[in-house]
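For reference, the structure discussed in these notes is given below.
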Amino acid sequence: MSNIQVKKVSGEEQFKNVISHAKEYGFIFQSSEIYDGLSAVYDYGQMGAELKKNIRDYWWKSMVQLHENIVGIDAAIFMHPTTWKASGHVDAFNDPLIDNKDSKKRYRADVLIEEYVAKIEVKIQKEVEKAKARFENFDETMFRSTNPRVMENQKKIDEINTRFKTALNDNNLEEVKQIILDLEIVCPISGTRNWTDVRQFNLMFSTQLGSVTDDSNTIYLRPETAQGIFVNFLNVQKTGRMKIPFGIAQTGKAFRNEIVARQFIFRMREFEQMEMQFFVKPGTEMEWYEQWKTKRINWHRSLGFPEGKYRFHDHLKLAHYANAACDIEFEFPFGFKELEGIHSRTDFDLKNHMEFSGKKMQYFDPEDNENYIPYVVETSIGLDRMFLAVMSMALNEEVLEDGSSRVVMNIPAFLAPYKVAVLPLMKKDGLPEKAREILNRLKLDHNCLYEEKDAIGKRYRRMDAIGVPYCITVDHQTLEDNTVTIRDRDTMQQVRVHIDQLPAMVNEKVSMSAQLGKLM
Ligand code: GAP
């Protein structure tokens, strides 16, 4: 392993590599590509569907299987339209948009400001890195609070954030535009500051139920899976005899008419969420909020990516339902961005559903002998974003000892789309038959590939490129003594083992259960 060097590439280059690799090896295709695609909609190919399923399973098992007090449901995408009135989405699920009159391009006003702030943050980070390289025993906190350039830039950031937060909280769109003008933010296409006013734009897609097209039949494609959980809160609590605190988990599609839809699968119009609503006694929500922050960051860390890739970010503007909220941000190739949200949603949703439906949404607490509407702590992660995080970390180009290079996907083995490839060294002498015998033994437990075309070296490279953690090669010696070589994707080391050892050996190396054990 020590003789393998990972090639360093810029974030921009890495992002391009991820996009082209995803297409070339059947992970992700543009939706309806033969018709030139549909903006911000993607299809998962044969490799992508498996990887996505494994990430979803890992989340589901860690939430539902490992917690006695969390159960999972699968609610419909279509919901009664009043759901979205009650949830606040009809009135408040908006993004502030702004157009550049010269380029005719549309932007999210908040994103323009956040990107401006992020550029100042990059400047600060560069100063920090420079100083770190110069001084031994470097104290970053001290440096940040004494270096005049850093302090000045930090002051600028704080001022912008305070002004921006006030404007958003007051729903003062004129002030949001004024901030953009004062910061002299230009349109990246036209280079001008010829902006329209900022307007609110509702992100929900609507359609008609049944054959009559009038407003009363308008229904929405759900913009979050959470509401399917809230409206079923009592159904689950009663039929499952759940006692507070307890959680309901769900994975499924959500839809948002995003204004700025770019960055590949980071921001899509149709995407998948993995959400869990945890119902707690009012007054205990902040305690649970902290607990879920810890649990979720530990889940991310369990994947083994570097610590520095994650950070928490407290929300500047709280969503209409929250009394505390933060994001777990991940350093994607294009910078730190939201991967998961953790929100203390109070009793906002249940209370409103109770009001709009006229049905009780209360819980009788047998311990305290009282009725109350529970408070909710939510964890919500985008499956597609998690997929992008895994792919961005896994895809590497390496220079090998002999100077040659290989492209490899170091996907954590328990998440890999295919766990094993069985490769007969030659297409003759009974080797394919022996290989298929081994394949048939392993495929009951694992997704396995069989490949006999091309020279063995070329086949190894292809398996590396799709992230297969183990290649089993069947050669003439196998026919004599039932041994094979098993090659490790990451180290490229090969060992010879008896075929009877294979099931247990592969199991140990790729098992999701062992991985789940780390979370307990
Ligand atoms: N129920 C709460 C909720 O929906 P959110 O912060 O709007 O909160 C939760 O979304 C997660 O869903 C985000 O952290 C992100 O990972 C994912 N997500 C949101 N919008 C997305 C989009 N347009 N494309 C892909 N993922 C998205």
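When a ligand or atom number is given, it counts from 1 through the structure's own listing order. Source: prediction; values computed, not measured.
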Revision key, fill the gap. Among Glu340, Arg256, Glu275, closest by heavy atom to atom 5 (P) of ligand 1 is Arg256
**Study point:** pair Met386-Leu339: side-chain heavy atoms closer than 4.5 Å
**Key:** yes
Practice item. Pull out every atom of ligand 1 sitting under 4.0 Å from any heavy atom of Glu378, numbered as shown with elements. Key: 1 (N), 2 (C)
Review point. Among pairs that include at least one residue of residues 220-239, which meet side-chain hydrogen bond (donor to acceptor under 3.5 Å, both in side chains), considering only residues two or more places apart or in two chains?
Key: Glu224-Gln227, Glu224-Arg345, Thr225-Glu275, Gln227-Asp349, Gln227-His353, Asn232-Asn235
Review point. Is the closest N or O pair between Asp384 and ligand 1 shorter than 3.5 Å?
Key: no
Point to revise | Summary of side-chain hydrogen bond (donor to acceptor under 3.5 Å, both in side chains) pairs that have at least one residue in residues 67-76, sequence neighbours excluded | key: His67-Lys295
Exercise for review: List every atom of ligand 1 that sits less than 4.0 Å from any heavy atom of Phe266, numbering the atoms from 1 in the order shown and giving each element.
Suggested key: 24 (N), 25 (C), 26 (N)
Point to revise | Row check, Trp299 ring normal vs Arg296 NZ/CZ: under 6.0 Å, within 45° | key: yes
Check your understanding: Should the pair Glu258-Arg269 be classified as a salt bridge under the 4.0 Å nitrogen-to-oxygen rule?
Key -> no
Review point. Less than 4.0 Å between a side-chain N and a carboxylate O, is that true for Lys337 and Asp327?
Key: no
Point to revise | Arg267 N/O under 3.5 Å from ligand 1 N/O | key: no
Practice item. Look at atom 8 (O) of ligand 1 and find which of Met386, Glu224, Gln227, His343 reaches it with the closest heavy atom. Key: His343
Check your understanding: Is the closest basic N to carboxylate O distance between Glu140 and Arg144 below 4.0 Å?
Key -> yes
Practice item. For atom 12 (O) of ligand 1, find the nearest protein heavy atom and state the residue, atom name and distance (0.1 Å precision). Key: Gln273 NE2, 3.3 Å
Review point. Which residue and non-hydrogen atom of the protein lie closest to atom 15 (C) of ligand 1, and at what distance in Å?
Key: Arg385 NH1, 3.5 Å
Check your understanding: Would you say the ring centroid of Phe330 lies under 6.0 angstrom from that of Phe332?
Key -> yes
Review point. Side chain, backbone, both or neither: which part of Asp327 has a heavy atom under 4.0 Å from ligand 1?
Key: neither
Revision key, fill the gap. So the atoms of ligand 1 within less than 4.0 Å of a heavy atom of Glu258 turn out to be 20 (N), 22 (C), 23 (N)
Practice item. Enumerate the atoms of ligand 1 whose separation from the nearest heavy atom of Gly341 is less than 4.0 angstrom. Key: 14 (O)
Exercise for review: Would you check whether Phe271 has a nitrogen or oxygen atom less than 3.5 angstrom from a nitrogen or oxygen atom of ligand 1?
Suggested key: no
Review point. Mind checking whether Gly382 has an N or O less than 3.5 Å away from an N or O of ligand 1?
Key: yes
Review point. For atom 9 (C) of ligand 1, what's the nearest protein heavy atom and its distance?
Key: Ser380 OG, 2.9 Å
Check your understanding: Has Glu272 got any heavy atom lying under 4.0 angstrom from an atom of ligand 1?
Key -> no
Review point. How far apart are the closest heavy atoms of Tyr363 and Pro374, and which atoms are they?
Key: CB-CG, 4.1 Å
Check your understanding: Is it true that Glu287 and Lys281 have a side-chain N and a carboxylate O under 4.0 angstrom from each other?
Key -> no
Review point. Is the centre of the Tyr42 ring less than 6.0 Å from the centre of the Phe264 ring?
Key: yes
**Study point:** Which residue and heavy atom of the protein sit nearest atom 14 (O) of ligand 1, plus the separation
**Key:** Glu338 OE2, 2.5 Å
Study note, to complete from the structure: Note: ligand 1 atoms sitting under 4.0 Å from heavy atoms of Arg345 are 1 (N), 2 (C)
Exercise for review: May I ask you to check whether Met268 has an N/O atom sitting below 3.5 Å from an N/O atom of ligand 1?
Suggested key: yes
